[in-house]
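Below: the structure, in structure tokens.
Every number for a ligand or one of its atoms is a count from 1 in the order of the listing.
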Amino acid sequence: MKKYFIITIDTEGDNLWGVTDIKAEITTENARFLPRFQALCEKYGFVPTYLTNYEMAHDGGYREFAREGLAKMTLEVGAHEHAWNQPPYYPLVKSPAHRGKPYLTEYPKLVIREKLRRLTSLLEEAFDCDITSHRGGRWSFDKRIAEVLCDLGYVADCTCTPGISWEGQPGWSIRSKGTDWSSWKGTPEIICSGVKERHLVEIPVTVINRGKGTVPAWFRPNGHNCETMLGMIHYLKECGTDYIEFMIHSSELMPGGSPTFKNKGQIDKLYEDIEIIFESVKEAGFIGIGLSNYARLVVDKKYGGRS
Ligand SMILES: [Zn+2]
């Protein structure tokens with residue numbers, strides 16, 4: 001069985017953790033730090049997917065960087081929305097208690113469609129390519145979003161965090177809550193089969209649940225989990241899943257762009273860890289692939305190459 005390595009980068013503004021004012025101005029300095037990451041991916045023959053949101057799509061430097069990679073076919077650009085600052089704006093009634101940022105699932109279907117449609121055409125114009133992969137902000141997803149994505153021609157979604165529920169995390173309006181992914185496994189699944197043989201494949205981020213009472217292990221570097229990730233590669237090489245999905249935020253690659261990596265030293269250590277991990281992934285025989293191409297393989301496998 002061939003095994004694949006998918007790299008997903010939530011490509012969004014600087015240091016959005018802890019920003020509670022949903023109208024605050026957002027900077028995109030972190031775009032300047034992406035070429036270093038891209039070079040490392042290329043060194044190992046991996047094809048990262050930059051799941052890009054509204055503010056990043058407007059950054060001139062990022063546009064140039066991504067267009068260059070698209071021309072060389074060394075990266076993919078997908079979509080990532082933060083429902084609270086993705087036009088069109090739509091007022092939700094705020095819960096009187098202090099709540100979290102709005103989830104896309106809190107909006108009416110018509111608004112969900114319009115937000116995703118506008119983001120898709122913004123990205124398609126900015127990068128002059130089809131946009132066919134998606135991850136929802138705050139891991140938010142439901143059937144309506146799946147249907148809209150399928151209609152818009154998407155083939156891959158990677159919002160799923162298998163075995164994890166975000167229901168304890170409130171959104172903006174009364175009784176709003178995050179998506180419950182607790183019954184999902186870490187394997188790809190065709191979740192929407194639309195007209196004209198269109199399919200949307202859910203490709204969960206790699207998370208291993210180690211039993212009750214333990215913290216799930218994410219395939220996402222945090223500055224002190226290199227050993228854990230190496231163990232995960234070893235485990236995933238032997239188990240039935242045929243892919244590993246790595247995740248990081250673009251802002252985590254800039255010193256001070258996230259609360260996790262505050263200075264240059266921490267960023268250099270992050271890169272050391274990533275290189276050790278990439279080396280090990282390659283050694284284990286995983287092949288680099290973009291999200292959409294992996295989704296196409298899943299569909300081909302099921303329907304015998306007639307997608
Ligand atoms: Zn995000």
Side-chain angles (χ1 to χ4, degrees), residues 6-31 33-34 37 48-59 62 66 75-87 89 92 99-107 112 115-116 118-120 122-123 126-127 131 133-142 145 148-149 154 156-162 164-166 169-172 176-179 181 202-207 218-222 245-254 256-261 270 291:
I6 302 164
I7 296 171
T8 59
I9 306 113
D10 289 9
T11 308
E12 56 186 56
D14 306 331
N15 218 338
L16 300 181
W17 292 269
V19 178
T20 46
D21 176 5
I22 59 169
K23 288 184 179 146
E25 205 186 313
I26 302 167
T27 54
T28 54
E29 262 310 294
N30 75 76
F33 294 80
L34 294 176
F37 183 74
T49 302
Y50 293 88
L51 300 150
T52 306
N53 84 345
Y54 181 74
E55 65 263 14
M56 286 298 268
H58 287 93
D59 186 287
Y62 172 65
L75 59 83
E76 174 176 347
V77 173
H80 177 57
E81 90 289 324
H82 288 168
W84 56 95
N85 70 352
Q86 171 60 52
Y89 301 106
L92 292 171
R99 312 274 291 172
K101 290 179 186 130
Y103 289 110
L104 187 58
T105 50
E106 291 178 60
Y107 295 86
I112 292 176
K115 282 179 181 288
L116 290 172
R118 283 215 210 164
L119 174 62
T120 309
L122 168 69
L123 294 168
F127 302 102
I131 300 295
S133 59
H134 169 266
R135 172 177 287 141
R138 303 195 70 206
W139 312 107
S140 174
F141 199 75
D142 65 12
I145 298 172
V148 169
L149 290 172
Y154 281 76
D157 180 83
C158 59
T159 312
C160 176
T161 57
I164 296 173
S165 171
W166 302 96
Q169 311 256 356
W172 187 261
S176 58
K177 54 188 181 190
T179 303
W181 295 105
E202 183 58 50
I203 308 165
V205 63
T206 296
V207 178
W218 287 64
F219 208 77
R220 169 182 176 183
N222 63 16
E245 186 177 310
F246 174 101
M247 117 39 78
I248 198 163
H249 291 84
S250 61
S251 49
E252 289 175 299
L253 298 165
M254 172 174 94
S258 71
T260 320
F261 307 104
L270 167 67
L291 260 177

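Ion pairing between a basic and an acidic side chain is recognised when a charged N comes within 4.0 Å of a carboxylate O; R135 and E245 show such pairing.
A side-chain donor-acceptor contact under 3.5 Å links T11 to the backbone of I9. A donor-acceptor pair is defined here as one N or O able to donate and one able to accept, closer than 3.5 Å; no such pair exists between the side chain of S165 and the backbone of W181. For the pair N30 (side chain) and M254 (backbone), a donor-acceptor distance under 3.5 Å is absent. For Q169 (side chain) and W166 (main-chain N/O), no donor-acceptor pair under 3.5 Å exists by modelled atom type.
Shortest non-hydrogen contact noted between A57 and A126 is O-CB, 4.2 Å.
The distance cut-off of 2.8 Å around the Zn ion (ligand 1) captures these protein N, O or S atoms, sorted by chain and number: E12 OE1, H80 NE2, H82 NE2.
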